[in-house]
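Some notes on the structure that comes next.
Small disclaimer: the values here were computed from a predicted structure and weren't measured. All values below come from the heavy atoms of this structure, side chains included, with hydrogens, waters and symmetry mates left out. Below, chains carry the letters A, B, ... as their sequence lines are ordered, and counting in each starts from 1.
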2 protein chains.
Amino acid sequence: MVKIEEAIQQKQFKDPFNKAVVNLLYTNSYLVTSQNALFKPYGISPEQYNVLRILRGQNGVPTTVSSIQDRMLNKMSNASRLVEKLKVKGLVKRSECPNDRRQVDVLITEEGLKVLAELQVKVEQGNRNFVNLTIEEVILLNDLLDKLRG
Amino acid sequence: MVKIEEAIQQKQFKDPFNKAVVNLLYTNSYLVTSQNALFKPYGISPEQYNVLRILRGQNGVPTTVSSIQDRMLNKMSNASRLVEKLKVKGLVKRSECPNDRRQVDVLITEEGLKVLAELQVKVEQGNRNFVNLTIEEVILLNDLLDKLRG
DNA sequence: ATACATTATATGTCTATACATTCAATAGAG
DNA sequence: CTCTATTGAATGTATAGACATATAATGTAT
């Protein structure tokens, strides 16, 4: 086990709270790097994958761009541009919302569902491997993270 | 406490391991967004702050770009360009390394030390506030994260 | 000493985050 | 209905992450 102090060669931290922030940023980087290797062969980024998952969760009901935004892991990201990228790849369809012409209905395509299903198997297996904890530890970790954001 | 399921409106996860990965990515976004608000008034990004901290840790001994890279929170980042940004702001100095002219010695300036000291007070206080855990919980979290990366 | 491999850094390009601004459509007040 | 405010989406711009490639300096084999 490589402690955060060794990993980034920092001898000490102000307090365990500041250490935890650095540890979370560093662990995030570890996870993102690990996940990127999985996504690379598919030409889809983790963020685009996440948008596809959100759309599939709708079970065929179209979703607006702002609704996607609300459900993204990174609220500060840009759903509009991610949807555009996915549209170019033929994985989603975009159409003007009839009730409110400001809004845009986004729907995952058959091709999008196919790509998502294939990717999901790899990602879910990968994620299990990246997290080197017991089931008890990982449940505890989830509780701590939920509380942390308090 | 807002559980991750509510936060991103996802009803369930494949297993606690996959939930933990999503929870970590989401919590990272929460922390980065919180920190950005602190950094904004100083015109320095969290990544640039981190490079300044690494340089100060050298206590006046110059550091090469690759050594900075190794100690960054995000190993895939680009130390060369971050150093260039800091140089433009007058916070670091760059000079050719005499022993090996491929290398570049990087040194934090007086101005860099001053800005860093000022920022650090805010960041350390902020980090304590962002992490809504008891001291026992935060120590446990650090242990879990170190083990997770296994 | 020359040729070739390796190393340190810089640069190019694409994607995404962060955040401000624009623009069209709609809602609401009078 | 008209004027104004608000909303939803798109766009502009800067910074950074991801990764390939370029360039120069150094090391090494012959």
Checking [X] side chain against [Y] main chain: does a donor-acceptor pair fall under 3.5 Å?
X	Y	result
B:Lys14	A:Arg128	no
B:Gln10	B:Gln12	yes
A:Thr63	A:Leu55	no

What integer distance in Å separates [X]:[atom1] from [N]:[atom2]?
X	N	atom1	atom2	result
A:Lys85	D:dT11	NZ	C1'	13 Å
B:Asn50	D:dT15	CG	P	18 Å
A:Met76	D:dT15	CE	C1'	16 Å
B:Leu82	D:dT15	CG	P	11 Å
B:Glu47	D:dA18	CD	C1'	14 Å
A:Lys87	D:dA9	NZ	P	15 Å
A:Arg81	D:dT11	CZ	P	9 Å

Subject >> D:dA10 OP1/OP2 closer than 4.0 Å to side-chain N/O of A:Arg94 >> reply: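 Yes.
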Can you list, in residue-number order, the parts of [range] that come under 4.0 Å of DNA chain C, counting heavy atoms only?
range	value
residues 21-45 of chain A	A:Ser45
residues 113-126 of chain A	none
residues 97-109 of chain B	B:Arg102, B:Gln103, B:Val104
residues 61-72 of chain B	B:Thr64, B:Val65, B:Ser66

Any N/O pairs under 3.5 Å between the protein and nucleotides 2-4 of chain C? List them or say none.
none

**OP:** Kindly indicate, with the supporting measurements, whether the criterion side-chain contact (heavy atoms from CB on, under 4.5 Å) is fulfilled by B:Ile108 and B:Leu86.
**Re:** CA-CA 9 Å; B:Ile108 189 167; B:Leu86 290 167; over 6 Å; no
**OP:** Mind running salt bridge (charged side-chain N to carboxylate O under 4.0 Å, His left out) on B:Glu84 and B:Arg94 for me, showing each step along the way?
**Re:** CA-CA 9 Å; B:Glu84 173 61 23; B:Arg94 214 170 33 182; 2.8 Å; yes
**OP:** List for me each residue that meets side-chain contact (heavy atoms from CB on, under 4.5 Å) alongside B:Ala79, sequence neighbours excluded, and say none if there are none.
**Re:** B:Val65, B:Ile68, B:Gln69, B:Met72
Original post:
Quick one: side chain to side chain donor-acceptor pair (under 3.5 Å) partners of A:Gln103, sequence neighbours excluded?
Top reply: none
Subject >> Counterpart residues, side chain to side chain donor-acceptor pair (under 3.5 Å), relative to A:Ser45 (two or more places apart) >> reply: A:Glu47
**OP:** For B:Glu84, report the nucleic acid contact type (base, sugar-phosphate, nothing); a contact means any heavy atom under 4.0 Å.
**Re:**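 No contact at all - B:Glu84 keeps every heavy atom at 4.0 Å or more from the nucleic acid.
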**OP:** Any chance you could measure A:Ile139, atom CD1, to A:Leu144, atom CG, to the nearest 0.5 Å?
**Re:**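 Those atoms lie 12.5 Å apart.
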**OP:** State, with a plain yes or no, whether a side-chain heavy atom of A:Leu31 is found less than 4.5 Å away from one of B:Leu24.
**Re:**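 Sidechains of B:Leu24 and A:Leu31: in contact.
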**OP:** Taking atom NZ of B:Lys75 as the centre, report whether more than 12 heavy atoms of other residues, nucleotides or ligands fall under 6.0 Å from it.
**Re:**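 Yes - once you tally the heavy atoms of other residues, nucleotides and ligands closer than 6.0 Å, there are more than 12.
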**OP:** Treat each ILVMFWY residue as a node, draw an edge where side-chain heavy atoms are under 4.5 Å apart, and state whether B:Leu141 and B:Tyr30 are in one component.
**Re:**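 Yes, B:Leu141 and B:Tyr30 fall within the same hydrophobic cluster.
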Original post:
With both distances under 3.5 angstrom, what nucleotide forms a Watson-Crick or G-U wobble pair with D:dT21?
Top reply: C:dA10
Side-chain donor/acceptor pairs under 3.5 Å, residues 113-124 of chain B, sequence neighbours excluded:
unit_1, atom_1, unit_2, atom_2, d
B:Gln120, OE1, B:Arg56, NH1, 2.7
B:Gln120, OE1, B:Arg56, NH2, 3.2
B:Gln120, NE2, B:Glu124, OE2, 3.0

Original post:
What do the steps show when you test A:Lys19 against A:Glu5 for side-chain contact (heavy atoms from CB on, under 4.5 Å), and what is the final call?
Top reply: CA-CA 9 Å; A:Lys19 177 169 159 179; A:Glu5 287 90 341; 2.8 Å; yes
Original post:
From D:dG12, C:dT11, C:dG12, pick the nucleotide closest to the side chain of B:Ser80?
Top reply: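 Nearest to the side-chain atoms of B:Ser80, counting from C-beta on, is C:dT11.
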**OP:** Mind jotting down which residue pairs meet the salt bridge (charged side-chain N to carboxylate O under 4.0 Å, His left out) criterion with at least one end in residues 129-150 of chain B? Sequence neighbours excluded, please.
**Re:**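 Passing the test, one end in residues 129-150 of chain B: A:Lys3-B:Asp146, A:Glu137-B:Lys147, A:Lys147-B:Glu137, B:Asp146-B:Arg149.
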Original post:
Residues in ring pair (Phe, Tyr, Trp, His ring centres under 6.0 Å) with A:Phe13, at least two apart?
Top reply: none
Original post:
Of all residues at least two apart in sequence or in a different chain, which pass the ring pair (Phe, Tyr, Trp, His ring centres under 6.0 Å) check with B:Tyr49?
Top reply: B:Phe39
Original post:
Want to settle it: does A:Lys89 or A:Asn78 sit nearer the 5' end of DNA chain C, counting the closest nucleotide to each?
Top reply: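 Its nucleotide being nearer the 5' end, the pick is A:Lys89.
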